[in-house]
Structures are given as C-alpha cells and as structure tokens.
Asks: 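Pasting in a structure now, in structure tokens, and then I'll have a few things to ask.
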Amino acid sequence: MVEDCIFCKIIDKKIPARFEYEDSELVAIQDIHPQAPVHLLVIPRKHISDINAAQESDCKLLGGLIHRAKLLAQHKKVEDGYRLVLNNGSKAGQSVFHVHLHLLGGRPMTWPPG
Ligand code: 5GP
Ligand code: ZN
C-alpha cells in the first residue's frame with residue numbers, strides 16, 4: 001500500500017469502487033468516468049507505478065492482467081471486439097501512477113487513438 005495512491009486505497013477498500021473481480025493478485029473495477037459501455041480497469045494489487053518501473057519478475061503478474069481482461073471481456077459479452085489500453089507516462093495519458101489495464105468495449109473503436 002502506497003500512501004496517496006488512489007488505486008492502492010481502492011484495493012484496500014479504503015475508498016469505494018464497483019468491483020467486477022478480485023483475487024490474490026489483481027482486481028478489476030469499473031472506471032469512474034467510462035469511455036465506452038464497458039470500461040473496466042484491471043489492476044495488480046502490487047503497486048508498480050508504471051511499466052518503466054516493472055521488473056522481469058513482474059512478467060507473470062502483468063501477463064495475468066491480459067488473461068483476466070480476456071475473461072472479463074467474455075463475461076461482459078464484448079469478446080468480438082474490445083480494446084486493451086495501458087497508458088504509460090503522463091505524455092501518453094497516464095493519470096494514475098499504479099499500473100492498470102483498461103478494458104474498453106461495447107462500441108466501435110477508431111484507429112489511431114488520440
Ligand atoms: P490513466 O489515465 O492513468 O490511464 O487511467 C486512469 C483511469 O482511472 C481513468 O480512466 C479514470 O477515469 C480512472 N479513475 C481515476 N480515479 C478513479 C477512482 O477514484 N475510481 C475509479 N473507479 N476510477 C478512477
Ligand atoms: Zn498503488
């Protein structure tokens with residue numbers, strides 16, 4: 001638990017969120033400002049500020065985020081088209097510095113992203 005990290009506080013149930021899934025390694029919550037009909041955040045319990053701070057020993061944990069996102073996409077019935085986004089660094093749009101994978105689905109997506 002890192003002080004002043006909003007996702008650590010959510011994981012610790014110190015502030016509320018709508019949980020979709022949780023296990024010993026990660027949680028999935030609904031984004032507070034959804035950008036698509038389905039917009040979940042898959043978040044490791046371990047505080048890793050961004051991908052630059054990730055270690056090789058985190059590979060299984062980070063791969064687990066993708067696997068869980070796939071299962072959640074199926075659960076939410078958007079498996080025919082969804083986008084997984086991992087913003088890294090403020091220039092790329094990262095605003096919460098605790099690694100998280102966005103799962104967006106339920107509407108057409110355009111490319112390139114903004
Ligand atoms: P980023 O911009 O870092 O890639 O994504 C952070 C995401 O966290 C944003 O989509 C934002 O809406 C979401 N978010 C920020 N604060 C909260 C919060 O307190 N609760 C929830 N559920 N989502 C949050
Ligand atoms: Zn954190």
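When a ligand or atom number is given, it counts from 1 through the structure's own listing order.
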Asks: Is the closest basic N to carboxylate O distance between E22 and R68 below 4.0 Å?
Replies: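 Salt bridge flag = no for R68 with E22.
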Asks: Are any of the side-chain heavy atoms of I29 and I10 separated by less than 4.5 Å?
Replies: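 SC-SC contact between I29 and I10 confirmed.
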Asks: Do H100 and H102 have their ring centres less than 6.0 Å from each other?
Replies: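 Under 6.0 Å, so yes.
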Asks: Indicate the atoms forming the closest heavy-atom contact of I48 with A53, along with that distance.
Replies: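 Heavy atoms of I48 and A53 come nearest at CG2-C, 4.0 Å.
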Asks: Between L103 and H39, is there a side-chain heavy-atom distance shorter than 4.5 Å?
Replies: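 No. Closest side-chain heavy atoms not under 4.5 Å.
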Asks: How about CZ on R107, more than 12 heavy atoms from neighbouring residues, nucleotides or ligands closer than 6.0 Å, or not?
Replies: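 Yes, because the 6.0 Å sphere around CZ of R107 holds more than 12 heavy atoms from other groups.
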Asks: Which atom, counting only N, O or S, brings H98 closest to the Zn ion (ligand 2)?
Replies: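 Output for this pair reads ND1.
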Asks: Test of geometry: compute the angle SG(C5)-the Zn ion (ligand 2)-ND1(H47) and round it to 10°.
Replies: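 Answer comes to 110°, rounded to 10°.
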Asks: Under a strict 4.0 Å criterion on non-hydrogen atoms, which protein residues are in contact with ligand 1?
Replies: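 Contacting ligand 1 under 4.0 Å are I6, F7, I10, I29, Q30, D31, I32, H33, L41, N87, G93, Q94, S95, V96, H100, H102.
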Asks: Of the non-hydrogen atoms in A69 and L84, which two are nearest, and what is the gap between them?
Replies: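 Scanning both residues completely, I find the closest heavy atoms to be CB-CD2, 3.6 Å.
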